[in-house]
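Everything below concerns the one structure shown next.
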Number of protein chains: 2
Amino acid sequence: MQTVEELTERFRAQGLRVTPQRQAVFAALHGNDGHPTVEAIHERVSSAMPTISLRTVYQTVHDLEALGEVRLLDVGLGSIRVDPNVEAEHHHLVCTACGRVRDVQFAADQVPPLPRSVRGEFHPTSVEVVFRGVCDTCLRP
Amino acid sequence: MQTVEELTERFRAQGLRVTPQRQAVFAALHGNDGHPTVEAIHERVSSAMPTISLRTVYQTVHDLEALGEVRLLDVGLGSIRVDPNVEAEHHHLVCTACGRVRDVQFAADQVPPLPRSVRGEFHPTSVEVVFRGVCDTCLRP
DNA sequence: CTTTGTGCAAAGCCTTTGCACTCGC
DNA sequence: GCGAGTGCAAAGGCTTTGCACAAAG
């Protein structure tokens, strides 16, 4: 994801306004390699800006998604995860014990292609590989 | 998924009771190669048994999952999909236009392995590959 | 000044749950 | 009969939305 300054410019260029609240959300996500829930972003930003509402975070996150600056993941844990890593194609490891989501890269030739059996019948725009299991931290307590 | 009779026996063997409602849910799923939502199963069963409640469908579906007779998928479309195909390992094509989910098989050597970079740090129990895109039916109207 | 963003609270959607009644076993 | 299953309706998460006020451009 881009820096706060870059995002400020992109938002303005799109006719979107930039507020301190939005910049606080930008800052909370920039350089973050986690996959926070909207709630988690809200909590984090709240410490510096106690009146920010969840609504503002949801809207900012959706605007960021529309600009392609984040991806919103639904890994089946109930809440949406915000993934600020959009530069590199990657996939995910989901720990079913702690709910943490971790990125994992695939070598280009390891990304599964659409099987021949359905080529021509389905026109994919993206592939997502999700490994579910237990992370090391949860395995040895 | 197994037949209504087989499921009846398995349920009884587990100390679970078998009611006409549950058998109606079994029947709605057996031999179904779709991925209905709980709501869709409920509607379908309702035509023959108008008083069946959503609660009963949810509970039956969860019991089926506990016995490994169905898989519950969350493909990020809001509702859970019930996948009666548990015999063959397979993956999914999700049409972002109509919401339909279709099975797709991978050759054994095409299923992506956990990348070397994280081996030893994560202990997967399952891999899920989801292709998102548009199905043929939606492409040409 | 116009228009978008914000905060609050209420509503929506899907799923789960409490309770009393029913009915499998 | 005992206890799990059922139906109804209410409650629970998470996300979205209506409204009036605030503030960016």
Side-chain angles (χ1 to χ4, degrees), chain A residues 4-5 7-28 35-43 45-46 48-67 70-82 99 101, chain B residues 4-5 7-28 35-43 45-46 48-67 70-82 99 101:
Chain A
V4 176
E5 295 73 38
L7 290 171
T8 300
E9 301 220 345
R10 280 209 72 189
F11 267 54
R12 292 226 170 98
Q14 296 289 319
L16 297 170
R17 294 185 180 167
V18 178
T19 61
Q21 288 91 333
R22 297 188 155 210
Q23 291 185 311
V25 174
F26 298 168
H35 302 73
T37 62
V38 172
E39 190 74 52
I41 299 171
H42 180 247
E43 274 172 28
V45 171
S46 288
M49 186 180 280
T51 68
I52 191 172
S53 73
L54 254 186
R55 177 196 178 116
T56 300
V57 181
Y58 273 109
Q59 182 165 319
T60 306
V61 155
H62 280 134
D63 288 346
L64 283 167
E65 186 198 23
L67 295 186
V70 301
R71 259 203 293 168
L72 301 185
L73 305 178
D74 182 347
V75 290
L77 295 173
S79 353
I80 286 174
R81 304 307 186 104
V82 180
V101 177
Chain B
V4 176
E5 294 73 38
L7 291 172
T8 299
E9 301 223 343
R10 280 210 71 190
F11 267 53
R12 291 222 172 102
Q14 296 289 319
L16 297 171
R17 294 187 179 165
V18 178
T19 62
Q21 288 90 333
R22 297 189 155 206
Q23 291 184 311
V25 174
F26 298 168
H35 300 72
T37 62
V38 173
E39 190 74 52
I41 300 171
H42 180 248
E43 275 171 30
V45 171
S46 289
M49 188 179 280
T51 68
I52 190 172
S53 74
L54 255 185
R55 178 198 176 113
T56 300
V57 181
Y58 272 110
Q59 182 166 319
T60 306
V61 155
H62 280 135
D63 288 344
L64 284 168
E65 186 198 23
L67 295 186
V70 301
R71 258 202 295 167
L72 302 185
L73 304 178
D74 181 348
V75 291
L77 294 174
S79 353
I80 286 173
R81 304 309 186 103
V82 181
V101 177

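Proteins get letters first, then strands, A, B, ... in listed order; numbering begins at 1 in each. Atom set for the values below is all heavy atoms of this structure, side chains included, hydrogens, waters and symmetry mates excluded.
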Margin query: What is the separation between atom CD on B:Q14 and atom P on D:dG5, rounded to the nearest whole Å?
Written below: 12 Å
Check: What is the distance from CG of B:L16 to C1' of C:dC23, rounded to the nearest Å?
Finding: 16 Å
Notebook entry, point to check: Using a cut-off of less than 4.0 Å, is there contact between a side-chain N or O of B:S53 and OP1 or OP2 of D:dC8?
Noted result: no
Notebook entry, point to check: Within less than 4.0 Å of OP1 or OP2 of C:dG7, is there a side-chain N or O belonging to A:Q21?
Noted result: yes
Check: Of A:E39 and A:P20, whose nearest nucleotide on DNA chain D comes first from the 5' end?
Finding: A:E39
Next item on the list: Please determine if a side-chain N or O atom of B:R22 lies less than 4.0 Å away from the OP1 or OP2 oxygen of D:dG5.
Entry: yes
Notebook entry, point to check: Nearest-Å distance, CG (B:D74) to P (C:dT16)?
Noted result: 11 Å
Checklist line | Polar side-chain atom of B:H42 near backbone of B:I52 as donor-acceptor pair, under 3.5 Å | finding: yes
Check: Do the non-hydrogen side-chain atoms of A:V45 and A:V57 ever get within less than 4.5 Å of each other?
Finding: no
Item checked: Phosphate OP1/OP2 of C:dT15 contacted by B:Y58 side-chain N/O (<4.0 Å) -> yes
Next item on the list: Counting heavy atoms from C-beta on, name the nucleotide in D:dG5, D:dT16, D:dT6 closest to the side chain of B:R17.
Entry: D:dG5
Checklist line | Atom pair CG/CZ of B:L16 and B:R10 - distance to nearest 0.5 Å | finding: 10.0 Å
Margin query: Please report the distance, rounded to the nearest Å, between CG in B:L73 and P in C:dT15.
Written below: 12 Å
Note to self: For D:dT15 and A:H62 - does any side-chain N or O of the residue sit under 4.0 Å from the phosphate oxygens OP1/OP2?
What the structure shows: no
Next item on the list: Sort out for me which residue in B:T8, B:D63, B:T56 forms a side-chain hydrogen bond (donor to acceptor under 3.5 Å, both in side chains) with B:R22.
Entry: B:D63
Check: Considering only side-chain heavy atoms of A:V18, which listed nucleotide, D:dG25, C:dT15, D:dT15, is closest?
Finding: D:dG25
Next item on the list: Tell me which of A:P50 and B:G78 sits closer to the 5' end of DNA chain C, going by the nucleotide each one is nearest to.
Entry: A:P50
Notebook entry, point to check: Phosphate oxygens OP1/OP2 of C:dG7: is one of them under 4.0 Å from a side-chain N or O of A:T51?
Noted result: yes
Margin query: Counting the atoms with a prime plus P, OP1 and OP2 as sugar-phosphate, which does B:H42 contact under 4.0 Å by heavy atoms, base, sugar-phosphate, or nothing?
Written below: nothing
Check: Just by modelled atom types, is the A:H35 backbone N or O under 3.5 Å from a matching donor or acceptor in the A:R81 side chain?
Finding: yes
Check: Nearest to the side chain of B:I52, which nucleotide is it out of D:dG7, C:dT6, D:dT16?
Finding: D:dG7
Next item on the list: Measure the distance from CE on B:M49 to P on D:dG5 and round it to the nearest whole Å.
Entry: 16 Å
Note to self: It should be established whether B:T19 places a side-chain nitrogen or oxygen under 4.0 Å from OP1 or OP2 of nucleotide C:dC23.
What the structure shows: no
Margin query: What is the separation between atom CD on A:Q59 and atom P on C:dT6, rounded to the nearest whole Å?
Written below: 6 Å
Notebook entry, point to check: Atom CG of B:L64 and atom C1' of D:dG5: how far apart are they, to the nearest Å?
Noted result: 14 Å
Next item on the list: Report the C-alpha separation of A:V82 and A:E65 in whole Å, then their side-chain angles, then the decisive distance to 0.1 Å, and conclude whether the side chain to side chain contact (heavy atoms under 4.5 Å, CB included) test is met.
Entry: CA-CA 9 Å; A:V82 180; A:E65 186 198 23; over 6 Å; no
Check: What's the CG-C1' distance between A:L54 and C:dG12, to the nearest Å?
Finding: 16 Å
